[in-house]
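Here is the structure we will look at.
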Number of protein chains: 2
Amino acid sequence: MVLRLSKLTDYAVVVMARLARDGALPEGRVQTAPGLAQATGIAEPTVAKVLKILGQAGLVEGLRGARGGYRLTRPLAAVPLSEVIVAVDGPIALTACVDGGQGQCEAQSICAVRGRWDPVNDAIRRALSDITLADLAGPARCGSAPVFAQLVAE
Amino acid sequence: MVLRLSKLTDYAVVVMARLARDGALPEGRVQTAPGLAQATGIAEPTVAKVLKILGQAGLVEGLRGARGGYRLTRPLAAVPLSEVIVAVDGPIALTACVDGGQGQCEAQSICAVRGRWDPVNDAIRRALSDITLADLAGPARCGSAPVFAQLVAE
DNA sequence: CCTAAATAGGACCAATGGGGTCCCCTTTGA
DNA sequence: TCAAAGGGGACCCCATTGGTCCTATTTAGG
């Protein structure tokens, strides 16, 4: 399967959806990484890793020390999916030799499609920017997963 | 980098662009895998592999025997990029637990975003379907690769 | 009829990169 | 002063993919 979103990004969306339960800055209460791990079913070290990455990107805020934890810096509706993807997986592009492509492509002198992927990349970035985490975690609609309500709607 | 298009798909586009030089069915002349390998700079076994895959998908036609070779079944303008991607890399989807997702997701009972990726996937598929190989290999515009003209425009 | 050239199909090996874990340090409330 | 929690990074493992090769089949040409 192509266009494989990394698992880390998937986890990031789930974790942020769970974080949304307790709100965002400045009133939002924090949740700890172990707590989020238990709530989401994702292994604790992995949740911690995801939260660190999201923290560096400014998507969540971490409060250190006892009684510390994480909370969103923005409501889900203000977070485009593309931003999460970029934070976790890096730039959104279809090939390595794309967008300027100063990185050396061994077949550079003979490559027939060099520099032509830009419109494709732009289209995909636009699609991913138009969708926010609120769209993904939004109003309950999940036939097979009743727990969904506990995680997000509640 | 996310959304990484496989190298095989990249090769497929290059090879098909080269195949377009000699036309498509029914008048088009065939080109051999070794010849295409030399013309594109891609290793011969790899070119052969790509052509086999494209043949199974019906994007190229292979003629066996001496004086055999490959030719396009359609002009480049009639081949959406999405079709090449699907042929080489399989279905276009962002996550494994997507689009029905009967495949067992270990966190299925607790996953907050189950079934919500469909609009994202649809948007991406649409973007990839709106672009044809002719758009990629189209009129010459390649500052750093003059050989491009020999491959496609000539 | 025989040979050479070419595709068809699949098996096989190697390497890259990402998933996942763990360690140590810093911070901070009780 | 201690315990709880985040911050940052190093590390290993393995699944996926890129790439190669081998064999069978087909067909033009002498």
Side-chain angles (χ1 to χ4, degrees), chain A residues 1-12 14-15 19 29-38 40-71 73 85 87-91 95-97 103 105-107, chain B residues 1-12 14-15 19 29-38 40-71 73 85 88-91 95-97 105-107:
Chain A
M1 175 169 336
V2 80
L3 299 190
R4 190 191 45 201
L5 194 60
S6 81
K7 285 190 176 181
L8 270 301
T9 303
D10 201 359
Y11 296 156
V14 174
V15 167
L19 269 178
R29 254 194 298 278
V30 298
Q31 298 180 58
T32 69
L36 288 166
Q38 210 219 336
T40 58
I42 305 170
E44 193 267 327
T46 301
V47 171
K49 184 178 195 174
V50 167
L51 286 168
K52 290 172 196 172
I53 295 172
L54 293 176
Q56 289 179 332
L59 290 171
V60 304
E61 186 205 40
L63 301 185
R64 305 178 71 164
R67 302 288 173 156
Y70 293 91
R71 63 185 164 191
T73 56
I85 293 176
V88 178
D89 283 334
T95 56
C97 71
C105 175
E106 66 283 351
Chain B
M1 174 168 338
V2 81
L3 298 190
R4 190 191 45 201
L5 194 61
S6 80
K7 284 190 177 183
L8 269 302
T9 303
D10 201 358
Y11 295 158
V14 173
V15 167
L19 269 177
R29 253 194 297 279
V30 299
Q31 298 181 58
T32 69
L36 287 165
Q38 210 220 335
T40 59
I42 305 169
E44 192 267 327
T46 302
V47 171
K49 185 178 195 173
V50 167
L51 286 168
K52 290 171 196 171
I53 294 172
L54 294 176
Q56 289 179 333
L59 290 171
V60 304
E61 186 206 39
L63 301 185
R64 306 178 70 163
R67 303 286 172 155
Y70 294 92
R71 63 185 166 191
T73 57
I85 293 176
V88 178
D89 284 334
T95 57
C97 71
C105 174
E106 67 282 351

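Naming: A, B, ... by sequence-line order, numbering from 1 per chain.
Distance CG (B:L19) to P (C:dT7): 11 Å, rounded to an integer number of Å. The interatomic distance linking B:Y70 (OH) with C:dA6 (C1') rounds to 8 Å, in whole Å. Residue A:D10 contributes atom CG, which lies 10 Å from atom P of C:dG20 at whole-angstrom precision. Straight-line distance from the NZ atom of A:K7 to the C1' atom of C:dT21: 15 Å, rounded to whole Å. Between the C1' atom of C:dG20 and the CG atom of A:L51 lies a distance of 15 Å, rounded to the nearest Å.
One can find a donor-acceptor pair under 3.5 Å joining the base of C:dG20 and the side-chain atoms of A:K49.
Nearest heavy-atom pair, B:V88 versus B:I53, reported as atom, atom and distance to 0.1 Å: CA-CG2, 4.0 Å. The two residues B:A43 and B:A37 come nearest to each other via the heavy atoms C-CB, 4.2 Å. Contact between A:V47 and A:A33 at its shortest, heavy atoms only, is CG1-O, 3.8 Å. Contact detail for B:G68 and B:V30: the closest heavy-atom pair is O-CG2, 3.7 Å.
Listed by first then second residue, pairs satisfying side chain to side chain donor-acceptor pair (under 3.5 Å) with a partner in residues 45-55 of chain B number zero, not counting sequence neighbours.
The phosphate of D:dT20 (OP1 or OP2) has a side-chain N or O of B:T46 nearer than 4.0 angstrom. Between A:S6 and C:dG19, a side-chain N or O to OP1/OP2 separation shorter than 4.0 Å is present. Taking side-chain N and O atoms only, A:Y11 has no distance below 4.0 Å to OP1 or OP2 of C:dG18.
Taking the nucleotide of DNA chain D with the nearest heavy atom to each of B:A43 and A:E44, the more 5' of the two is matched to A:E44.
Residue A:A33 places its side chain closer to D:dG6 than to any other of D:dG19, D:dG6, C:dT7. With distances taken from any side-chain atom of B:L8 to the nucleotides C:dG20, D:dG18, D:dG6, the minimum falls on D:dG18.
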Test B:L8 against B:V50 for side chain to side chain contact (heavy atoms under 4.5 Å, CB included), laying out the working first.
CA-CA 7 Å; B:L8 269 302; B:V50 167; 3.3 Å; yes
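Residues of residues 56-63 of chain A having a heavy atom closer than 4.0 Å to DNA chain D, listed by number: A:Q56, A:G62, A:L63.
Note on A:G55: nothing from the nucleic acid sits closer than 4.0 angstrom, heavy atoms only.
The structure places CG of B:L51 at 6.5 Å from CG of B:L19, a figure rounded to the nearest 0.5 Å. The distance from the CD1 atom of A:I85 to the CG atom of A:D10 is 10.0 Å, given to the nearest 0.5 Å.
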Protein heavy-atom contacts under 4.0 Å, written 5' to 3' over nucleotides 21-30 of chain D as B (base), S (sugar-phosphate only) or - (none), form the string ----BBBS--
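The side chain to side chain contact (heavy atoms under 4.5 Å, CB included) search around A:P34 returns A:T32, A:E44, not counting sequence neighbours.
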Sequence neighbours excluded and cut-off under 3.5 Å, please list the side-chain donor-acceptor pairs for residues 55-62 of chain A, or say none.
| residue | atom | partner | partner atom | Å |
| --- | --- | --- | --- | --- |
| A:E61 | OE1 | A:R71 | NE | 3.1 |
| A:E61 | OE1 | A:R71 | NH2 | 3.3 |

What nitrogen or oxygen pairs link the protein and nucleotides 13-15 of chain C at under 3.5 Å?
none

